[in-house]
2 protein chains.
Amino acid sequence: MSQNKRTELIRKALDLFYQNGFHATGMDLVAERTGVSKTSIYKHFRTKEELILATLRLRDENFRNWLFRRMQELAPPPEDQLLALFDALGEWFSQSTFRGCMFIKASAEYQDRDHPINVQAMEHKRLLLEHFANLAEQADLDEPRALAAQILILKEGAIVLAAMSHSGAPAQDAKRAAERLVALASGS
Amino acid sequence: MSQNKRTELIRKALDLFYQNGFHATGMDLVAERTGVSKTSIYKHFRTKEELILATLRLRDENFRNWLFRRMQELAPPPEDQLLALFDALGEWFSQSTFRGCMFIKASAEYQDRDHPINVQAMEHKRLLLEHFANLAEQADLDEPRALAAQILILKEGAIVLAAMSHSGAPAQDAKRAAERLVALASGS
DNA sequence: GAAAAGATTTACCGATCTGTTCATCTTGGC
DNA sequence: GCCAAGATGAACAGATCGGTAAATCTTTTC
């Protein structure tokens, strides 16, 4: 299997898991929808869990690339990027394919502390936190790590509520909160 | 089946669904762990989905009762209750049985907009929002509904991150953010 | 063009899924 | 003590689960 085919398989499996859930998506369906026979899939991934982990790696890469780039496009200065985060989220929420955060859902279905899927989901959130903390530092804001943690909490809460309510409003609500927190960390 | 037995069945099923997930928990396991035969369960609940909905109703009642009472116990004034919320969450996070928000997980596994499980999960969040908005109004805070929406976002984000990281820290992080938002809505 | 390597189809494995059938057993009311 | 109602275990449907075996078909390589 070529690298392209393999990536394409992971990409399509990602869509299925993201849209339908992990337990709810069987490997027969994955084979049917990817056009790759189940035998071939199991040649390249020893278990369903390994395939899930591969989809999460791809998602992590794609999502962070998209989000960080979009934040920078919307508002280059580091301080403004922390607010543009919520505009980017708003764009995401309004997409018809939006179904919440894949890592939250993965962690919810495989929630044991040491389960590789949960570990990988947590790693994704840690990388987001790092990025926000770096931006807060570059913007010379007070207590950059504490602020970054708060921004991350606002982001996750907005995603959860947007997915559940099928509404984009939480992006604006969270942005207003973030504006005040950033202003306080900047002004004083 | 007596009302007590029925409630006990729902309570034990709730624990199983909450700890293991919905798709991952089979009805055979529910029968085994509740001590109620599968035949009897299906006499009282036509489908697994109906049993899940019953567990969510019980959870909604128990959780809101506990949370609202605890918030009031910790800090009677309405304005302080909105901050005590996060202390109550901290207590919840530190319990060994804590596994995140059952409604977020239910919504993640049954995420179709019109699915009864998702509808019921959303209704739970709406009731929380109402309560927070009432408290904000009673405390005479600016834009009480907007503040309530922000508090709710902080709460959901803190729960998600606490569950994923197996740490109670998000409760304190969210509280610090809430303190500032409440102060701004109070002072100005 | 032949040999080797990889992908495919098809069928299968045993386990588990939701939900049902049925014959037996327990229980409460009179 | 008797009858009816309800609960039970056990077996069973039919489908699907994750995962595999073996034979056939394609593709690459030399």
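First the proteins, then the strands, lettered A, B, ... as listed; each starts at 1. Note that this is a predicted model, so its numbers are computed, not measured.
- Atoms CG and CD1, from L129(A) and I151(A) in turn, are 11.0 Å apart once rounded to the nearest 0.5 Å.
- Checking dT18(C), dG18(D), dT8(D) against every side-chain atom of M27(A), the shortest atom distance belongs to dG18(D).
- Residue K48(B) places its side chain closer to dG19(C) than to any other of dG19(C), dT8(C), dG19(D).
- A distance below 6.0 Å separates the ring centres of F63(B) and W92(B).
- Atom-to-atom, CG of L29(B) to C1' of dT16(C) comes out at 12 Å; the value is rounded to the nearest Å.
- Formation of a donor-acceptor pair under 3.5 Å by the Q138(A) side chain with backbone atoms of E79(A) is not found in this model.
- Note: NE2 (H23(B)) to P (dA15(D)) measures 19 Å, nearest angstrom.
- The residue among T47(B) and K43(B) whose nearest nucleotide of DNA chain C is located toward the 5' end is T47(B).
- Picking from dT8(C), dT20(D), dT20(C) the nucleotide with the shortest atom distance to the side chain of K38(B) gives dT20(C).
- Salt bridge annotation for K125(B)-E156(B): present, with a cationic side-chain nitrogen under 4.0 angstrom from a carboxylate oxygen.
- Rounded to a whole Å, the CD atom of E49(B) is 18 Å from the P atom of dC17(C).
- Here dT8(C) is the nucleotide among dT8(C), dC17(D), dT20(C) with the atom lying nearest to any side-chain atom of S40(A).
- To the nearest angstrom, C1' of dT27(C) lies 13 Å from NZ of K5(B).
- With dC22(C), dC17(D), dT8(C) as the choices, the nucleotide that has an atom nearest any side-chain atom of D28(A) turns out to be dC17(D).
- Cation-pi check for R59(A) over Y18(A) is met; the charged atom lies under 6.0 angstrom from the ring centroid and within 45 degrees of its normal.
- Between the C1' atom of dT16(D) and the CD atom of E32(A) lies a distance of 13 Å, rounded to the nearest Å.
- Evaluation of atom-type donor-acceptor distances gives a pair under 3.5 Å for the side chain of T39(B) against the base of dA10(D).
- Taking only side-chain nitrogens and oxygens, Y42(B) comes nearer than 4.0 Å to OP1 or OP2 of dG19(C).
- Among the nucleotides dT18(C), dT8(C), dT8(D), the one closest to any side-chain atom of V36(B) is dT8(D).
- For the pair I41(B) CD1 and dT8(D) P, the computed distance is 9 Å after rounding to whole Å.
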